[in-house]
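Worksheet for the structure shown next.
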Amino acid sequence: MIAPVPKQLMRRAVRFALHGFVAAMAIGLPVTAAWAQDSVPTSCATTRAASLPNTTSKDISEALSFFEDEVNAGVTAQCLVCHKSGGAAPQAGARLVFGDDAQTNHEAFVGFLGPAEELDPDLDAEVIAFVERFYVLVLGRPSDQAGLDGWVGALTGRTMSGGDVAGAFFLSAEYSNRNTDDDEFVETVYRAFFNRDSDAGGKQGWLTALQQGNTRADVIDGFSGSAEFAALAASFGINATRLDSTGHKENGADTGTTDTIDGHWVLAKVVGQRDHGGGTVLTPASSLYQSLQIYLGLLGQLPGSGEEGVGFWRGTAAESREVTLRRASLLLSGSVPDAPALCEAQQSEAGLREQVLATMHGTGFRDFIVRNADDRLLVQGLLNGLDFNIQVGRRYPDLAEMALSLPEERPEEYQGWYKKPFLTSRNAEREVSRAVSREPLELIAHIIMNDRPYSEVLTADYTMVNAFTDLAYRSGSGFSHDFTDAQGFYDRGEFTTFRPGYNDGYVPMDDEHETDRNGWVTEFSDYIQVPHAGVLSTQAWLARYPSTDTNRNRARARWTYFHFLGVDIEKSAPRTTDPAALADTNNPTMNNSACTVCHERLDPIAGAYQSFGDLGGYLNQYGGHDSLANSYKFPEWYGGEPGSTLYQEGDTWYRDMRLPGLEGNAATDIAQGTDSLQWLGQQIAEDPRFAAATVRFWWPAIYGSDPLVLPANPNAPDYQQQLNAFNAQETEVGEIAGRFEASGYNAKSLFADMVMSRWYRHSEVTDPALVEARLVELATVGSGRLLTPEELDVKNRGIFGRTWRQSGEQPGAHDYEMNTALAGRRARFKGFYGGIDGAGVTARNREMTPLMSNLTEAMAMELACQAVVQDFQRPRKERHIFTHVDRSTIPGQLATVEAVLPGKVADLSNVALHQVTIPISTVSGPTRLRISDVTGSSYESVDENWTNADLVIQKVEIWSSNGLVKRISAGEISSQPDFAIEYWHHDGDSGPRGQFEEGIGWVLHENAWVEFSFDLTPWDYEVRLFLGTQMLENNINDAMLAEINLLATDGVEQTPAAQAIKAQIVDLLLQATHRQPSDEEIASMMSVVITSAANAAQRGSWFNSNDDHCQTWNLFPDWETQSLAENDANGMMRGWTALVHAVLTSWGYLHD
Amino acid sequence: MTKLSNNLDARVLGRRTLLRAAVTGVAASAGLSSMRLWGADIDSAYGGRLLVTLQLDGGVDVTQLCDPKVNIPGERKINHWADTAEPGQIGNISYAPIAANEQLFRRFGADTLVINGVDTQTNSHETGRLFNWTGSNAEGQPSLSALFAASQSPDQPLAYSVYGGLSRTGGLISLNRFDDLADMALLAQPSVDPNTKQPLREASDVERSHALVQADIDRLLMQPQLSVRQRLSMMRYKESRASRDGLQRLAALIPARDQIVPDVDFEAGGQRFWSNLKRQMQGALMVFKSGLGSAADLSLGGFDSHNEHDTINAALLTHLGDALNYFWDEAENLGMADRIVLVVGSDFGRTNHYNDGNGKDHWNVGSYMVMERGAAWGDRVAGLSDELHFAQPINPLTLKADRGGVIPTPAHVHQSLRDYLGLTGFAQDQSLDLDSVESLPFFDPFVSSSS
């Protein structure tokens, strides 16, 4: 990997200067360094410059020098074809005409754009003073000459405003390294911007804003736009904010339009706006565009530059840091951040970024990478119906040797036994093909997870292998090749591990190549080492974009351009509508200008793929020397004239196409042993466009929408909004790409920057008037997007610990991955919820529909109860949801005791006696006592005879420190206030499940309950229960289990239980929707839980009773555990289920 | 000539206005957040006209279907079939005598309008699909089917169903993507076990959950700090929930798993092909029968035959003919055949010669077929291409060859279809006019391009 060259850094630093220096600071350049770079020439001296109109010789010479170094080559390559004398552009009326040398072209620009505003040299002294005070006040030191010159030049040249300069000092790395806290920062801002100390109210307001997640840049913005700073800046003769275009000339008479002709106009043209006859030539993120932007700025032709970007964000604000971390953590790793992480993130922007980075590990992050890389590359579509018949058995002798040792079919004795797959020879072939299909995704994951430079996706001289491809490729990556157990069965889950490796196991088709009747290679000449060029040489990538005799790798070239250089060749030039041109058969891609406009760029890249055949086989034609189509090499075989081919022995590329290369650079002099595809990968990795292309590649993964494209129809009603959004996005892309490049192409750093960006975080509106009528413009900014099915699946696991139709905790032996309702290859509802298969469906539906909302309802109907039952069954410390309450926690609860009552009786005339004492502190109002038999399997006997296990209540006593307060005998129970008992229901009949029996007590039937109330003055008491058990000796249990609940029915809110439930609701909402509920919402949700629980308790003691059906059979290891897990005597689990159902279908849960 | 009523629905007009207001919170503060934007009449089934597009992905060779071309001495061979056969003719429609074409036009020719010589102005799949199914080669226009659904049945929860192909909503209406029909039962009635038909949860608990979600959305929509994206997705979610009860009408129509039309696979030209086209058709007709929707997009891929063109094209056209028979038979059985307009088209055409691999490459000229039972405009051919399959200009009034006339593009076809389907006014009200193309009288039964 080649590290970013200083020149690139310099260039980018200068570019960022035009955008307010923020990014330059972020990549660690000291404030002075940005101006000390050579790429902004400080010397000047050309005689021609003096003759140019109305601008200083220094400016002109800087511009010319920059033009010569950074712009002219691009103009010559991209613009000259039309804008030359007699070319298509002048014929169409364009006045901008270029020639053969930089001086001429520079003069063309200057002549066309006319004079820039004259500068006032007398301003310098005041401007120097203005800048000097920021050095002293902000950085605490005097200026250095190079830095001072740079800032003064920017202010006098009006490429920056006073506010820009001030902000750049505060956002510089040098200031950042001073590690000031928010208090000191705000105080310094007051002094720097207002030349005074802060006032208490104002300062507190800014500190509060920072604590709520606003950034320091937001604070700077606020001060920059203030009247007080404007007055201060004016006292130095400086504008506080950017200039408007007033004073710039109207060139309508010359152009036939009323547009203002300035640098913005030129930049709009080159990206295809303002009816540019050449269509889209550059994208704003391209290096040439950026160089042109700098050049035009040096000419003083970018009035108000950057104001559009600022304006785009007006009226919006960042969400809190806590919310950002919660969102990012779920997105990137499928997990909920813990309290220390949230705390750290809330402290500062740096803390947040650090915690975002900290989420990037583990299988969750890996899954994020693989899933989203496939969304772009679509290689898993190869397993969903696309042609992937790559015949690995013919090409890999080591695989063939192993496969031939395996049965062709599952042996007779194992027919009908499908717990595990049996490894047949065809299965071995499929396993290799499957591993091949994963290579590009595994490679990208490997690079990112291991902090390798992301450019390796194009330059890696290795690929990724699992145990099967390790064998086939002869990779020697350390895998065991004992694929099966002794019987021949294997577990596919064991083959999901990939490691770096090489493909040295491939053999050519030649005279010595022989296969058996099934196509397995048996004889061959020698192994070939397949060259690796990152993703580009993986057979999955090559097969996903297959070639044909006439396509000749052009589809591969088109997608290479798109994904790795950010160029959509389909949109790069207007397509011809001339039928003659379309019907031209005289090799139009070489000769017809209507075609060459694209093909001269596309075809050299196609040529770089010369070694790889239609489905990606290396040198796949007979003889193993090339991959050229037989129809080209031997036309006579296809009815052509013998000898009519241009092919010559030893050729590896078509002679009627352009040479392999990239945009004017031919891959001719590459080193021995280097494949042209490796050369191409290296070229692209070093191309300045690669960084921006990478940002766009990952854009949907982070922001949940496709990158915006330049709007094509200026007559569309929303055109201006689309254009504004596109321009703002491109600015964002450029800034993020700059940091990515400076990080040495670290993808984790890239993801963190994308998360930290305004596009991700500006989820709040601070001024509705400023966003009014900007529906299209802001439609994809911030949070609020619908989660994809896979993301919803991940969120279910992260929040609730399980997902919809999850079977077990690990994939079965037949699966490589978990197959649930929403994710995995067999996900039954993924397609309905807008998912893709990478083959027939490649675009996600990201908008909710009635059918999809019903799908979420179906999910909640099944998942809510499972999640609740399973979570309560976990030990408290291991729970995902219910960390504040137990299943028996009910509002108003004063005490809950589970009493173990051992002992058996010989017959029902006997009772085993027990006393249970429970201390309580009552609140005002009645206290409700509920006694429930929760003994498990109490109908089961050890001898299959009838058995019995009844709980008996003999009396209840309530004591205070002063002695006995109240005694309730068994016979008095039914007359107590609010008496209630569980009823049985059968065939329309019903009756109580318990009764008073003289001489024994109040007898409860198996698993029944009884409850009643008593009123006590609020105080500390002991409740003493005198219980008995009538469990016969043949019962399966040794002891009965009773649950005793004491509840307050008034003043419920005062009880610890109610507080715990409230805390639980808040926690659940915060984790699931990232939002703190209001008191009113908490009350509503608590009401749902309590009401549903109370009704459920009336229906029965068990979850699966009457109209409550919860499929929990696969959650627990055995029936007994399941039975215990479903015990819901007071109905709270069903109450919580109602709430979880609502959460699962809430807007906040289903949207990021 | 039958012309569909221009069912301009004020609720759709109001939707954009409401959404725009919603962005700034005006809707919420004005109490509009409780107002359903569609789904207002979910209990009544849609009973009007139905539109289906069948997208033949990859670029179909219409010289082997409805615009047959024979070989011209001195020119490169355009069709191998023409070595031994002449084009067939049924009524006014000529066809290539391969695959199931004869049966296709014998049965449906009287109900079919063929539009030949359509210049798609591109040889890019992406642009071709976009142009052919939206009428514009730039993004921003809705698919014809989306426009139709938004105009005709905006209230219905499955107004616009997508089973494959290119679909653009243009912000007018949501699209519903369909997968395995066997899983539809649960989605139609999510609170009922599809097997036992028993409720999955106590009804009052479910109602409480629903009320909580509803109150949550209403409360959130009142928050002034919501971003544009949040507010839009929130309102969309609210609409979706409000409209979904009508999906229960689908429950009784969902076929048992063994009644779902099986997929087919076949081999041609050394490649394996798999198609669920009939299943797509079954799903679309099921939704239509339920009265929950009015438009559907179907697709059949594989037509990008750069190699072994004849074999692949013939196999796919045979399957196409078989599937069209199924479609109209099933529509007849369900009593809906009279209500359906079916538009068949492709990305573009294929070259007027074979390449060195016996394939055919991309060609900018293609055709459409529009089918409607008993259509007065059936058994006609509009548009012309010459003997080498170059699009020919036609007179915009008579449709006859006219050097000073126009060469139809997909924009012309869409403009005419919009007129015929009664969508033009609706599109204008949505600022979705097609760029400066006239409406050609493709659906006038008294003019045609052939004699």
Side-chain angles (χ1 to χ4, degrees), chain A residues 385 387 548-551 570 575 577 579 582 631-632 635 638 712-713 716-717 763-765 768 771-773 775 778-786 828-829 831-832 834 840 845 847-851 853-855 857-858 861 1084-1085 1088 1091-1092 1095 1107-1109 1138 1141-1142 1145-1147 1151, chain B residues 20 23-25 121-124 126-127 138-140 157-158 164 174-177 179-180 183 186-187 190-191 199-202 204-205 208-209 212-213 215-217 220 224-230 232-234 236-237 240-241 243-244 247 271 274 306-307 355-357 361 364 390-391 431:
Chain A
D387 185 8
T548 66
D549 290 5
T550 50
N551 178 269
E570 293 280 359
R575 281 187 174 271
T577 56
L582 288 165
S631 57
Y632 167 78
Y638 300 86
N713 180 8
S763 305
E764 292 183 7
V765 166
V771 299
E772 189 174 0
L775 188 73
L778 295 167
T780 64
V781 170
S783 69
R785 70 184 172 88
L786 183 67
R828 290 170 63 178
F829 293 99
F832 283 110
N845 177 23
E847 292 185 346
M848 181 64 86
T849 67
L851 190 66
S853 85
N854 252 13
L855 185 148
E857 196 67 25
M861 202 65 73
S1084 299
M1085 289 184 270
V1088 165
T1091 308
S1092 299
N1095 290 352
D1107 286 338
D1108 300 306
H1109 302 285
H1141 183 120
T1145 53
S1146 67
W1147 175 87
H1151 296 77
Chain B
R20 192 163 286 123
V23 172
T24 55
Q121 300 182 333
T122 185
N123 55 16
S124 154
E126 290 164 54
T127 310
E139 292 283 0
L158 298 177
S174 299
L175 68 82
N176 293 278
R177 197 176 287 288
D179 207 334
D180 191 344
D183 291 323
L186 183 64
L187 301 185
S191 61
L200 287 163
R201 188 82 54 71
E202 162 65 23
S204 63
D205 286 6
R208 272 186 289 277
S209 300
L212 208 52
V213 174
D216 178 53
I217 298 175
L220 287 172
Q225 76 274 18
L226 287 183
S227 71
V228 168
R229 195 181 205 184
Q230 289 170 339
L232 285 175
S233 62
M234 216 173 274
R236 187 174 293 284
Y237 188 44
S240 300
R241 289 177 63 87
S243 309
R244 65 189 185 182
L247 292 171
Q271 292 184 47
W274 163 87
H306 289 281
N307 293 82
N355 63 31
D356 293 339
D361 300 323
N364 60 307
F390 284 88
S431 302

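Below, chain A is the first sequence line, B the second, and so on; all start at residue 1.
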### Gap between atom CZ of Phe832(A) and atom CG of Asn176(B) - 0.5 Å precision
10.0 Å
### Heavy-atom pair of closest approach, residues Trp1147(A) and Gln230(B)
CZ2-O, 3.7 Å
### Task
Check the pair Leu247(B) / Leu851(A) against side chain to side chain contact (heavy atoms under 4.5 Å, CB included), numbers first and verdict last.
CA-CA 8 Å; Leu247(B) 292 171; Leu851(A) 190 66; 4.1 Å; yes
### Query
If you tally heavy-atom pairs under 4.5 Å against chain B, which of Leu855(A), Leu778(A), Thr548(A), Thr550(A) wins?
Thr550(A)
## Note on the structure
Taken to the nearest 0.5 Å, the spacing of Ser233(B) OG from Arg785(A) CZ works out to 11.0 Å
### Task
Taking all non-hydrogen atoms of both residues into account, name the closest pair between Ser209(B) and Ala1138(A) and its distance.
OG-O, 2.7 Å
## Note on the structure
Looking only at Gly831(A), Ser853(A), Ser763(A), most heavy-atom pairs under 4.5 Å shared with chain B are made by Ser853(A)
### Message
Just so I understand: if I count every heavy-atom pair under 4.5 Å between each of His1141(A), Glu764(A), His1151(A) and chain B, which residue has the most?
### Response
His1141(A)
### Message
Let's test your reading of the structure: which of Asn1095(A), Asn551(A), Leu786(A) forms the most heavy-atom pairs below 4.5 Å with chain B?
### Response
Asn1095(A)
### Message
Going by side-chain hydrogen bond (donor to acceptor under 3.5 Å, both in side chains), name the residues that satisfy it together with Arg208(B), two or more places apart in sequence or in a different chain.
### Response
Ser1092(A), Ser204(B), Asp205(B)
### Summary
Shortest non-hydrogen pair, Ser227(B) vs Ser783(A), comes out as OG-O, 3.7 Å
## Note on the structure
Scanning both residues in full, the closest heavy-atom pair of Met861(A) with Arg201(B) reads O-NH2, 2.5 Å
#### Entry: Exercise: identify the closest heavy-atom pair between Pro224(B) and Pro768(A)
O-CG, 4.2 Å
### Message
Using side chain to side chain contact (heavy atoms under 4.5 Å, CB included), reason through Asp549(A) and Asn307(B) one step at a time and then give a plain yes or no.
### Response
CA-CA 8 Å; Asp549(A) 290 5; Asn307(B) 293 82; 3.7 Å; yes
### Leu158(B) portion near chain A, given a 4.5 angstrom heavy-atom threshold
side chain
## Note on the structure
Note: Ser1146(A) and Asp216(B) closest approach over all heavy atoms is CB-OD2, 4.0 Å
### Residue Leu187(B) versus chain A: region with a heavy atom under 4.5 Å
both
### Query
side chain to side chain contact (heavy atoms under 4.5 Å, CB included) between Met1085(A) and Leu212(B): does it pass, once the steps are laid out?
CA-CA 7 Å; Met1085(A) 289 184 270; Leu212(B) 208 52; 3.7 Å; yes
### Query
Given the options Glu139(B), Gln271(B), Arg177(B), Glu126(B), which has more heavy-atom pairs under 4.5 Å with chain A than any of the others?
Arg177(B)
#### Entry: Expected output: side-chain Arg236(B) to main-chain Met848(A) donor-acceptor under 3.5 Å
no
### Message
Heavy-atom cut-off 4.5 Å, strictly under: side chain, backbone, both or neither for Asp183(B) against chain A?
### Response
both
### Interchain contact, Val1088(A) with chain B, by part (heavy-atom threshold 4.5 Å)
both
### Summary
So CG of Leu186(B) and CZ of Arg828(A): to nearest 0.5 Å the spacing works out to 8.5 Å
